[in-house]
Amino acid sequence: QVQLVESGGGLVQAGGSLRLSCAASGRTFNYVAMGWFRQAPGKEREFVAAINWSIGTTLYADSAKGRFTISRDQAKNTGYLQMNSLKPEDTAVYYCAAGPSVATMSPETVRGSWGQGTHVTVSS
């Protein structure tokens, strides 16, 4: 089973940028899609963005559209989430996960176990 490890989180001021990475280890990422999720304190885990690993089609939550960009480097077996124009409400633990498709990516449909996540804190 492929293991996904998130990194790249940190503390940033509002308006700043971060790039999160999701490295697949153990074997080549061979799922249809990779997704990013986040969970803020006291809130449910929510979908942020997803990408079809083979053809690169993407899907974004409304909160991410125009500010976040999901991408992947198949040679490096790594996915990315570029986050620009960050807002305090983006503060959360961010997780990546594998899924059966971009369209159906949700916390309920991910494959395998969740990783530790990476913390993102946006100060006002």
Side-chain angles (χ1 to χ4, degrees):
Q1 179 175 327
V2 66
Q3 182 179 5
L4 302 177
V5 179
E6 306 92 343
S7 63
L11 173 63
V12 63
Q13 288 188 330
S17 298
L18 283 173
R19 188 175 82 153
L20 307 183
S21 297
C22 176
S25 64
R27 64 180 189 182
T28 300
F29 187 87
N30 59 356
Y31 294 93
V32 173
M34 176 180 281
W36 284 94
F37 299 82
R38 66 186 183 186
Q39 188 166 18
K43 294 189 176 182
E44 299 282 322
R45 191 167 300 185
E46 64 177 7
F47 169 77
V48 176
I51 186 167
N52 182 293
W53 193 256
S54 295
I55 62 176
T57 53
T58 59
L59 180 68
Y60 295 92
D62 288 344
S63 59
K65 287 179 182 176
R67 299 188 301 127
F68 295 2
T69 303
I70 188 171
S71 62
R72 87 282 190 235
D73 185 326
Q74 293 168 298
K76 294 183 178 179
N77 223 24
T78 300
Y80 303 97
L81 185 68
Q82 177 68 43
M83 304 188 297
N84 299 328
S85 302
L86 283 162
K87 305 174 182 179
E89 50 263 46
D90 294 317
T91 294
V93 179
Y94 283 71
Y95 302 87
C96 64
S101 74
V102 168
T104 62
M105 187 72 74
S106 76
E108 292 74 30
T109 62
V110 300
R111 298 290 187 259
S113 58
W114 294 98
Q116 295 298 308
T118 186
H119 290 252
V120 172
T121 302
V122 184
S123 62
S124 57

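The basis for the numbers below is simple: all heavy atoms, side chains too, and nothing from hydrogens, waters or symmetry mates.
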Checklist entry - Which heavy atom in T78 sits nearest to a heavy atom in S21, and how many Å separate them? => result CG2-CB, 4.3 Å
Item to check | Pairing residues for Y80 by the side chain to side chain donor-acceptor pair (under 3.5 Å) criterion, not counting sequence neighbours | outcome: none
Checklist entry - Counting N and O atoms only, with roles assigned by atom type, does the side chain of Q116 sit under 3.5 Å from a partner on the main chain of V5, one being a donor and the other an acceptor? => result no
Checklist entry - Residues in side chain to side chain donor-acceptor pair (under 3.5 Å) with Q13, at least two apart? => result none
Checklist entry - Taking T58 for the side chain and I51 for the main chain, is one N or O donor matched with an acceptor at less than 3.5 Å? => result no
Next on the checklist: When you compare the side chain of Y31 with that of P100, does any pair of heavy atoms fall below 4.5 Å?
Outcome noted: no
Checklist outcome for this item: side chain to side chain donor-acceptor pair (under 3.5 Å) pairs touching residues 83-94, sequence neighbours excluded, are S17-N84, R38-D90, R38-Y94, R67-D90, Q82-N84
Next on the checklist: Within a 6.0 Å radius of atom CD on Q3, are there more than 12 heavy atoms belonging to other residues, nucleotides or ligands?
Outcome noted: no
Item to check | Donor-acceptor under 3.5 Å (N77 side chain, F29 main chain) | outcome: yes
Item to check | Check: R45 and V93 side chains under 4.5 Å, non-hydrogen atoms | outcome: no
Checklist entry - Taking the side chain as C-beta and beyond, is there a heavy-atom pair between R19 and L81 under 4.5 Å? => result no
Checklist entry - Is a side-chain N or O of T28 found less than 3.5 angstrom from the main chain of N30, in a donor-acceptor match? => result no
Checklist entry - So do M105 and V102 actually touch side chain to side chain, heavy atoms under 4.5 Å? => result no
Checklist outcome for this item: On a heavy-atom basis, the closest approach of T104 and S101 is OG1-OG, 2.6 Å
Checklist entry - Mind checking what makes side chain to side chain donor-acceptor pair (under 3.5 Å) contact with S123, not counting sequence neighbours? => result none
Checklist outcome for this item: So ring pair (Phe, Tyr, Trp, His ring centres under 6.0 Å) across residues 104-124, not counting sequence neighbours, yields F37-W114, Y95-W114
Item to check | Heavy-atom pair with the smallest gap, counting every atom of A98 and L4 | outcome: N-CD1, 3.7 Å
Item to check | Stepwise side chain to side chain contact (heavy atoms under 4.5 Å, CB included) test for V48 and Y60 | outcome: CA-CA 6 Å; V48 176; Y60 295 92; over 6 Å; no
Item to check | Sub-4.5 Å side-chain heavy-atom contact between L20 and W36 | outcome: yes
Next on the checklist: Please give me the minimum heavy-atom distance between A14 and S124, naming the atom from each residue.
Outcome noted: CB-CA, 4.3 Å
Checklist entry - Do the side chains of M83 and F47 join up, straight or via other hydrophobic residues, at under 4.5 Å, putting them in one cluster? => result no
Item to check | Spatial distance of atom SG (C96) from atom CE (M34) [nearest 0.5 Å] | outcome: 5.5 Å
Checklist entry - Please walk me through it: do L86 and F68 pass side chain to side chain contact (heavy atoms under 4.5 Å, CB included)? => result CA-CA 9 Å; L86 283 162; F68 295 2; 3.9 Å; yes
Checklist entry - Between R72 and A33, is there a donor-acceptor pair closer than 3.5 Å when you use the side chain of the first and the backbone of the second? => result no
Item to check | With sequence neighbours excluded, residues passing side chain to side chain donor-acceptor pair (under 3.5 Å) with K65 | outcome: D62
